[in-house]
Amino acid sequence: MEVNFWKKLKRPIMAMAPMSGITDEAFRLMLLKYGKPDVFWTEFVSVDGLFSEKGKKYCLDILKFNPKERPIVAQIFGGDPAYFENAAKIIAELGFDGIDINMGCPNRDIEKIGGGAALIKTPELAKEIIRATKKGAGEIPVSVKTRIGYSKNEIAEWIPAILEEKVAALIIHFRVREEMFAPPAHWELAEEIIKLRDKVSPETLIIGNGDVKSVEEAKELAKNTSIDGVMFGRSILGDPWFFAQQKPTIPERLNAVIEHSEIFDDLHKEKLDKNGHYKQFDAMKKHFHSSVKGFNGAKELRESLMAVKSTDEARNLIKNFLK
Ligand SMILES: Cc1cc2nc3c(=O)[nH]c(=O)nc-3n(C[C@H](O)[C@H](O)[C@H](O)COP(=O)(O)O)c2cc1C
């Protein structure tokens with residue numbers, strides 16, 4: 001049986017981006033219900049964390065997923081190849097469909113340990129990390145998510161270095177590390193990357209990422225660039241209908257964010273106190289923030305939602321607003 005799920009997907013592939021603090025299980029379950037991407041992605045976890053007694057529990061919590069969310073890829077980060085094999089083994093045992101290595105994150109703490117975007121400066125280490133991950137992954141496919149360079153366009157050296165390791169997929173955020181998230185992403189480089197892929201590793205899928213606002217726009221990009229797929233990050237925030245290409249009404253949107261909050265509570269139910277409060281609830285505020293916008297009264301409602309301490313309080317505010 002083919003275990004490389006990437007080969008079974010229809011192209012262009014529409015993937016959700018990993019976003020730390022956002023794309024947790026509750027968020028993904030909302031996508032599953034209202035508009036399913038072709039590939040799910042977890043938030044990233046530290047390979048060092050997965051190796052330590054204390055960190056492991058925290059990382060395993062992040063890696064929880066529902067068997068209905070498939071195919072699902074777990075993303076890992078770190079800078080020491082010694083930890084990657086162990087992390088990949090754990091992820092394969094957890095039943096993930098794929099493993100993705102983060103080689104693009106600009107976070108200083110991650111760069112300090114040699115991981116994320118810092119790996120663009122150390123291609124030999126990056127290659128060693130891919131090999132160690134593949135060893136631990138067994139049969140499941142390994143991909144890399146990166147950028148087009150550190151401070152300038154370096155695709156001519158950096159992209160072939162990764163492709164030489166025959167990764168199953170290469171996800172490219174079309175910006176250099178120092179551009180962080182500032183638009184516009186350099187999609188004009190897609191063709192050059194496809195050519196490198198055809199030369200060095202024709203089996204590797206190339207997934208483009210950066211600033212794509214809709215599935216329609218992604219399909220157009222795929223048509224014009226022969227890219228295999230597109231990954232979406234910020235555009236899916238507050239919009240579980242994104243992949244279904246539907247436009248919900250305002251009540252539908254507001255009811256959905258309450259549903260999201262209920263799912264979030266349910267996944268944290270062992271932490272709830274008798275008032276229905278728990279510390280992790282604050283993470284829902286980001287979702288209230290991205291869901292409640294673009295209509296009359298949104299600003300006031302959003303501000304009130306920033307002060308709530310439970311789903312019940314949020315539900316009351318929204319119910320009153322919709323009356
Ligand atoms: C809040 C936030 C968290 C992110 N966390 C991760 C992460 O854990 N791993 C990763 O590879 N990229 C992460 N990214 C980057 C996105 O995956 C994506 O590459 C970037 O947002 C550009 O795509 P977009 O323009 O479609 O948003 C994050 C981005 C944001 C905004």
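As the structure lists them, so they are numbered: ligands from 1, and atoms in each ligand from 1. If you read the sequence from its start, that first residue is 1, and numbering goes on from there.
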Checklist line | Sequence-distant partners of Phe321, side-chain contact (heavy atoms from CB on, under 4.5 Å), two or more places apart | finding: Leu254, Phe295, Leu301

Margin query: Which residue in the set Ile76, Ile101, Asn102, Ile62 passes side chain to side chain contact (heavy atoms under 4.5 Å, CB included) when paired with Phe44?
Written below: Asn102

Next item on the list: Tell me whether the guanidinium CZ or amine NZ of Lys121 lies under 6.0 angstrom from the six-membered ring centre of Tyr150 and within 45° of its axis.
Entry: yes

Item checked: Minimum heavy-atom distance Asp100-Ser143, with the two atoms named -> OD1-OG, 2.8 Å

Next item on the list: State yes or no: do Leu237 and Phe288 share one hydrophobic cluster built from I, L, V, M, F, W and Y residues joined by side-chain heavy-atom distances below 4.5 Å, directly or via other members?
Entry: no

Item checked: Those protein residues which place at least one heavy atom below 4.0 Å from ligand 1 -> Ala17, Pro18, Met19, Ser20, Phe44, Gln75, Asn102, Lys145, His173, Phe181, Asn209, Gly210, Asp211, Phe232, Gly233, Arg234

Margin query: Assess whether a salt bridge exists between Lys223 and Glu220, defined as any Lys/Arg side-chain N lying under 4.0 Å from an Asp/Glu carboxylate O.
Written below: yes

